[in-house]
Structure formats: structure tokens, C-alpha cells
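Worksheet: the structure to be examined is printed underneath.
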Amino acid sequence: MIEQKSTPAGPPPGLRPVRGAARCAVVALVLAGAAWVARAVWEIRLAVAGEPASGPPDQGGGVHRPLNTLEDSYHLVTSVGGAVTAVCAIVFLFWLDHVRDNARALSGAAPRYGYGWLWLGWIVPVVNLWIPRGVVADIHRSVFPERRLPAVVNWWWGLWLLGLAGGVGIVYADDTDEVIARAYGGVLPLLAADLVIVAAAGAAALMVHTLTTAQQEQIAAKGY
């Protein structure tokens, strides 16, 4: 009787490579943090220069005076920073989609939140206060139910919410000319908001590294 050799099982369907996506996400988050540092530097420059005798750029009643060189360069810095932040968001969600699929493949369990919430959870009012964190927590707990959620997840989410609540940080309530007027009138709230955003980006980068490393270790332990 000929003994048949068993072939090792291949990786489960849906398992996706994640290292590249994680590296891109970390780089994008670092660049986004750098963009907000640049904004803070320009806001300090505006505060030091002081408001021109002609008053703020937005003079009310739909009247805007011509911008000086420093104000014009701040517009450029904020535009570039906004573009970098938008790209960062896309790259981060691309990584999140990868690790979510991997969590489902490794655990065999359906995610707690449907696929649409991966995107809508960030923009639907009220539920955006907890669903994005819930998606990340579900990714970790479905693979490692016996482990505590890494503290960096809560640090990241707390800083993100603080930036949203500030109104002058992640989501500006005012246009750029009004922010310039704020820098002239009192720059400290702006700098505090910038600091929160830079810290949130750093925490997010550490979270990406932590969750990716844990998943990769699990994939290696299963021999995939």
C-alpha cells in the first residue's frame, strides 16, 4: 500500500499582502504630520509679523483686500497640506481594507461592521464618533480575542476626536483668510490644534505598525 503524502493547506481565501500597504500608510501619515507642522510654522510667522495696518484679509461684506507675500504663502502651505492629508486618508483606508480582509480570513468570522461602514463611518454624523475605532478594534479582536486592545488604538482615536472637536484642526470651520485673522489675533489655539493633529498622525502611524506586525506574526505562525 502506497502512503500518500498530505500537502500543506494553502492560505485561506481573502488573505492579502499587507506590508506594502502598511509602509505606504506610515509614510503618508508622517508626511501629513509634517504638513501640519509646516502650517504651525507659518501661523507663528503670521503672529510674529502682526496684522497689517490695512486689517485682516476678509474685511467683511464680501470685501477681501489683496494678500501680502506671507499670507499668500500660507494659502499655498494650506493647499499643499490639504492635498497631502487627502492622499493620506485614501492610503490609510486602503491599509485598513487590507487588514480587515486578513482578519476575516484568519478568524473565519464576519466583521462586526459591514464593508460600507469602512468608508461611511468617517463621514456620517454622530456614528463617526465611534464606528471607525470600532472597525479597528474589531480587526484586532477577531484575530486575537484573548489579547487586550493595544493602547495606541485609544490614543489615536482620542487625539482624532480632540482634533475634530477643536474646530480649527482636522476640520476647519473657517476659511483660510479667517484662519489668518485668528493667527494675528491669537495664535495659541491654532498651534494647540496643530499639535493635536500631528500627535494623532504619529499615533496612527504607530497603530498601523502595531496591528500589521501582529497580523504578520499570526500569518507566519499558521504557516501561510
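Every heavy atom of this structure was used, including side-chain atoms; hydrogens, water molecules and symmetry mates were not.
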Exercise for the section: Mind running side chain to side chain contact (heavy atoms under 4.5 Å, CB included) on D177 and I180 for me, showing each step along the way? Expected result: CA-CA 5 Å; D177 283 347; I180 289 172; 4.1 Å; yes

Practice task
Determine, stepwise, if the pair L93 / W119 fulfils side chain to side chain contact (heavy atoms under 4.5 Å, CB included).
Solution key: CA-CA 8 Å; L93 290 173; W119 314 93; 3.5 Å; yes

Handout entry: Chi angles and distances behind the side-chain hydrogen bond (donor to acceptor under 3.5 Å, both in side chains) call for W42, T78
Key = CA-CA 9 Å; W42 254 256; T78 56; over 6 Å; no

Exercise for the section: Verify side chain to side chain contact (heavy atoms under 4.5 Å, CB included) between M207 and F92, making sure each step is shown before the conclusion. Expected result: CA-CA 11 Å; M207 180 186 69; F92 178 82; 3.7 Å; yes

Problem - Candidate pair L161 and L129, rule side chain to side chain contact (heavy atoms under 4.5 Å, CB included), full reasoning - result: CA-CA 7 Å; L161 291 180; L129 299 177; 4.0 Å; yes

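When all heavy atoms of Y184 and E51 are compared, the closest pair comes out as CD2-N, 3.4 Å. Nearest heavy-atom pair across V26 and A205 is CG2-O, 3.8 Å. Closest non-hydrogen pair, L149 versus A137, comes out as CD1-CA, 3.8 Å. Residues R133 and V153 share a closest heavy-atom pair of CG-CG1, 4.3 Å. Scanning both residues, Y74 and V179, for their nearest heavy atoms gives OH-CG1, 3.4 Å. The shortest heavy-atom contact between G81 and A35 is CA-CB, 3.8 Å.
Between R65 and D58 no salt bridge is recorded (no basic side-chain N to carboxylate O distance below 4.0 Å). For the pair R104 and D101, the salt-bridge criterion is met [side-chain N within less than 4.0 Å of a carboxylate O].
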Indicate every side-chain donor-acceptor pair of residues 213-220 with a distance under 3.5 Å to a residue at least two apart or in another chain.
unit_1, atom_1, unit_2, atom_2, d
T213, OG1, H209, O, 2.8
Q215, OE1, N102, ND2, 3.3
Q215, NE2, V99, O, 2.8

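Atom CZ of R112 is surrounded by 12 or fewer heavy atoms from other residues, nucleotides or ligands within 6.0 Å. Heavy atoms of other residues, nucleotides or ligands lying less than 6.0 angstrom from CH2 of W122 number more than 12.
For the pair R39 and W36, the cation-pi criterion (under 6.0 Å, within 45° of the ring axis) is fulfilled.
Linking Ile, Leu, Val, Met, Phe, Trp and Tyr residues whenever their side-chain heavy atoms come within less than 4.5 Å leaves W130 and W155 in two separate clusters.
Within the 4.5 Å cutoff, the side chain of P132 has heavy atoms near those of the W157 side chain. L31 places none of its side-chain heavy atoms less than 4.5 Å from the side chain of C88.
In this structure, the separation between CG on L159 and CD1 on I197 is 10.5 Å, given to the nearest 0.5 Å. Atom CG of L106 and atom CG of L15 lie 5.5 Å apart (nearest 0.5 Å). To the nearest 0.5 angstrom, L67 atom CG is 4.5 Å from H75 atom NE2. Summarising the geometry, atom CD belonging to E43 is positioned 4.5 Å from atom CG belonging to D194; distances are rounded to the nearest 0.5 Å. Between the SG atom of C24 and the CZ atom of R19 there is a distance of 14.0 Å, given to the nearest 0.5 Å.
Side-chain atoms of H140 do not come within 3.5 Å of backbone N or O of V136 as any donor-acceptor pair.
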